[in-house]
K.L.:
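Shown below is the structure under consideration.
Sequence lines set the chain letters: A, B, ... in the order given, protein chains first and strands last, and positions in each chain run from 1.
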Amino acid sequence: MRIVGTFYVTTPIYYPNAEPHIGHAYTTIMADVIARWRRLCGDEVFFLTGTDEHGLKLQKTAEEKGLDPKTFVDRMAEVFKRYWRLLNISYDRFIRTTDEDHVETVKKALSKIYSRGLIYKGVYRGWYCTSCEAFYAPGEYIEEGGKKLCPTHRKPLELIEEETYFFKLSSFENYVKEQLSKDIVYPRFYAKEVLSKIERDGLRDISITRPKTRVYWGVEAPWDPNHTIYVWIDALLNYVSALGYDEDHERFNRFWNVVHHVIGKDILWFHTAVWFAVLAAIDLPPPRKVVVHAFITLKGLKIGKSAGNVVSIDYLVNRYGGADPVRYLLMRFSSLDKDVEFSVEQLDSAYNTELADIYGNLVRRVGVLAQKKLGGIVEATEIDRELEAKIRERVEKTRELLNAFKFSEALIMIFDVFREANAYLNKTEPWREEAPRRSLYNTLECVRIGTTLLQPFMPNTAERVAKALGFEIRSVEDLRMGAWSSYRVVEAPILFKKVRSGSAS
RNA sequence: AGCGGGGUAGGGCAGCCUGGUAGCCCGCGGGGCUCAUAACCCCGAGGUCGGUGGUUCAAAUCCACCCCCCGCUACCA
């Protein structure tokens with residue numbers, strides 16, 4: 001396949017103090033769909049995900065389990081990888097912030113920033129709970145009778161001061177504002193949100209180190225061995241270390257120019273205000289695009305990382321018999337703009353009526369017809385112009401939607417192709433003919449085109465259909481009627497077994 | 001409170017930027033077909049587009065105010 005361009009897509013690196021859930025899966029699947037779509041378009045793609053393995057919380061979680069942090073994160077990283085295998089995530093690298101090259105990058109980058117005088121020593125002052133060993137900001141602690149209490153222990157907080165190093169974020173205020181008014185953050189209103197926050201409060205310097213006595217589990221500050229680097233700064237730099245920062249300049253530039261960060265709206269601030277400034281401090285341009293998505297919720301409960309009530313990935317994969325339907329359903333109801341609440345009933349309904357009825361049944365019926373009527377061999381013949389026009393329009397629309405990260409609408413458009421194919425079968429009634437070559441060839445072309453578009457969302461299913469009907473999925477170049485000339489239908493599979501609604505548990 | 005997003009048929013959403021017969025999916029009613037996973041196709045019913053006022057020949061779409069829902073408000077990754 002011809003290499004058209006390059007593309008770099010990232011997920012956030014996840015904090016592995018617990019197993020991944022649907023929220024993590026949602027972001028990761030979205031990034032995977034983008035990666036696979038760009039590959040289909042002919043781009044050389046680098047797709048990065050990983051784990052953010054330093055910090056106090058992990059240090060403590062590990063200690064509670066009687067493990068040293070490294071042993072613990074080694075295990076958790078494997079858990080994440082296992083889930084991404086289960087969900088068919090086609091990452092090119094799984095980066096861990098404990099990886100040697102990453103640690104090197106963090107040190108190099110921070111040395112550079114330090115040497116430019118953008119880091120200074122100061123004092124961090126905050127309300128601290130000795131039991132939690134953590135600071136609480138206004139709004140997080142409980143106020144009772146003028147006293148500040150820890151939200152978990154309900155014990156009085158202490159005002160403590162500790163030595164820390166600050167990054168001069170404030171000196172990047174104009175720069176960050178300027179970048180935010182460009183077309184980087186998508187959808188755009190998220191940029192407005194950050195912009196107005198800065199407009200109102202300004203950009204304050206941020207503390208970027210912790211005393212090693214309190215947080216030893218982190219990258220040592222290159223200029224002061226008594227401090228470790230704050231996890232967020234450590235974490236953000238993964239995006240550049242994965243490319244070989246300051247090592248492989250050619251490769252680095254090739255991909256950095258086209259980097260797309262996929263993130264949840266909760267970490268927007270760090271991926272814009274802080275990240276843009278850090279990048280500027282090491283002479284790098286901001287990301288090409290930050291794609292921000294809202295959350296999915298189940299019956300009003302947030303499925304965020306810190307929420308107690310989570311829908312497990314295993315549950316959905318088991319319920320719908322594989323990764324592909326889960327990928328489909330999550331993207332089918334995805335929205336960048338606003339939080340989406342879904343129910344098991346809704347998912348069941350979409351699974352049954354869309355995947356099983358519209359698509360699964362179409363594949364089955366065209367497969368059966370081809371085998372019965374033509375012995376499974378369907379050669380190219382005259383193309384139905386009316387059908388072709390409709391399909392072409394939908395393909396174009398789908399491509400636009402995918403390039404605009406509108407996954408839900410893209411899927412609806414793809415399914416229109418299948419609906420069109422079903423209608424075409426009804427119209428041409430191939431079961432009444434002796435050798436309905438024209439009808440079946442045209443229908444198969446629709447199935448092939450739709451399946452190709454569906455491939456980034458449902459890679460296994462697409463592959464299975466291609467095998468069964470005897471075609472190949474190659475690239476977007478084949479997204480036109482007549483591009484495939486000879487089908488060898490070897491199977492008429494039942495792709496999706498329906499689920500009975502109401503059996504949710 | 002400030003800022004941001006939203007309130008469109010029974011449910012889930014698009015349209016709003018670039019005003020001009022209100023659109024898609026599910027569900028529902030009727031019909032067709034029988035190749036197919038009780039699947040598929042066609043037709044139909046159902047909405048005065050949160051409220052009020054304004055701009056306009058014309059507003060779901062622009063402006064003002066109000067009501068309701070949700071999110072964000074930085075060192076918690």
K.L.:
If a pair means Watson-Crick or G-U wobble with both distances below 3.5 Å, what does RNA chain B look like in dot-bracket form, with | marking bases paired to a different strand?
P.N.:
((((((((.[[[[.)....(..]]]].(((((.......))))).....[[[[[..)....]]]]])))))))....
K.L.:
Please check the phosphate of G5(B) (OP1 and OP2 only) for any side-chain N or O of K192(A) closer than 4.0 Å.
P.N.:
yes
K.L.:
Looking for any heavy atom pair under 4.0 Å, which part of the strands does R419(A) touch: base, sugar-phosphate only, or nothing?
P.N.:
sugar-phosphate
K.L.:
What class does the angle between the rings of F270(A) and Y230(A) fall in, given that below 30° is parallel, 30 to 60° is tilted and above 60° is perpendicular?
P.N.:
tilted
K.L.:
Test Y120(A) against Y165(A) for ring-ring contact (aromatic ring centres under 6.0 Å, His included), laying out the working first.
P.N.:
CA-CA 5 Å; Y120(A) 62 92; Y165(A) 288 89; 8.9 Å; no
K.L.:
I'd like to know if E173(A) pairs up with R204(A) as an ion pair, taking the criterion as any Lys NZ or Arg NE/NH1/NH2 lying under 4.0 Å from an Asp or Glu carboxylate oxygen.
P.N.:
no
K.L.:
For a quick check of understanding: with a heavy-atom distance under 4.0 Å over all strands, which category does D201(A) fall into, base, sugar-phosphate or nothing?
P.N.:
base
K.L.:
Taking any heavy-atom pair under 4.0 Å as a contact, classify E199(A): base, sugar-phosphate, or nothing.
P.N.:
nothing
K.L.:
At under 4.0 Å between heavy atoms, what does S207(A) touch on the DNA or RNA strands: base, sugar-phosphate, or nothing?
P.N.:
base
K.L.:
For H271(A) and Y239(A), take the angle between the two ring planes, folded into 0 to 90°, and tell me which bin it lands in: parallel under 30, tilted 30 to 60, perpendicular over 60.
P.N.:
tilted
K.L.:
N422(A) side chain to I358(A) main-chain N or O, any donor-acceptor pair under 3.5 Å?
P.N.:
yes
K.L.:
Quick one: sort the Y320(A) and Y351(A) rings into parallel, tilted or perpendicular, breaks at 30° and 60°.
P.N.:
tilted
K.L.:
Give me the residues of residues 230-240 of chain A where at least one heavy atom lies under 4.0 Å from an atom of RNA chain B, by number, or none.
P.N.:
Y230(A), V231(A), W232(A)
K.L.:
Between G51(B) and G46(B), how many Å separate the two C1' atoms, rounded to a whole number?
P.N.:
23 Å
K.L.:
Measure up the Y328(A) and F415(A) rings against each other and bin them: parallel (under 30°), tilted (30 to 60°), perpendicular (over 60°).
P.N.:
tilted
K.L.:
In the 5'-to-3' direction, what one-character label does each nucleotide of nucleotides 31-37 of chain B receive under the scheme B = base within less than 4.0 Å of a protein heavy atom, S = sugar-phosphate only, - = no such atom?
P.N.:
-BSSBBB
K.L.:
Reckon G202(A) touches a base, only the sugar-phosphate, or nothing at all at heavy-atom distances under 4.0 Å?
P.N.:
base
K.L.:
Which sits closer to the 5' end of RNA chain B, F189(A) or I267(A), going by the nucleotide each is nearest to?
P.N.:
F189(A)
K.L.:
Taking the six-membered ring for Trp and the full ring for Phe, Tyr or His, determine whether the centres of F80(A) and Y83(A) are under 6.0 Å apart.
P.N.:
no
K.L.:
Output the rounded distance in Å from CD1 (I229(A)) to P (A77(B)).
P.N.:
15 Å
K.L.:
Pick base, sugar-phosphate or nothing for R188(A), based on heavy-atom distances below 4.0 Å to the nucleic acid.
P.N.:
nothing
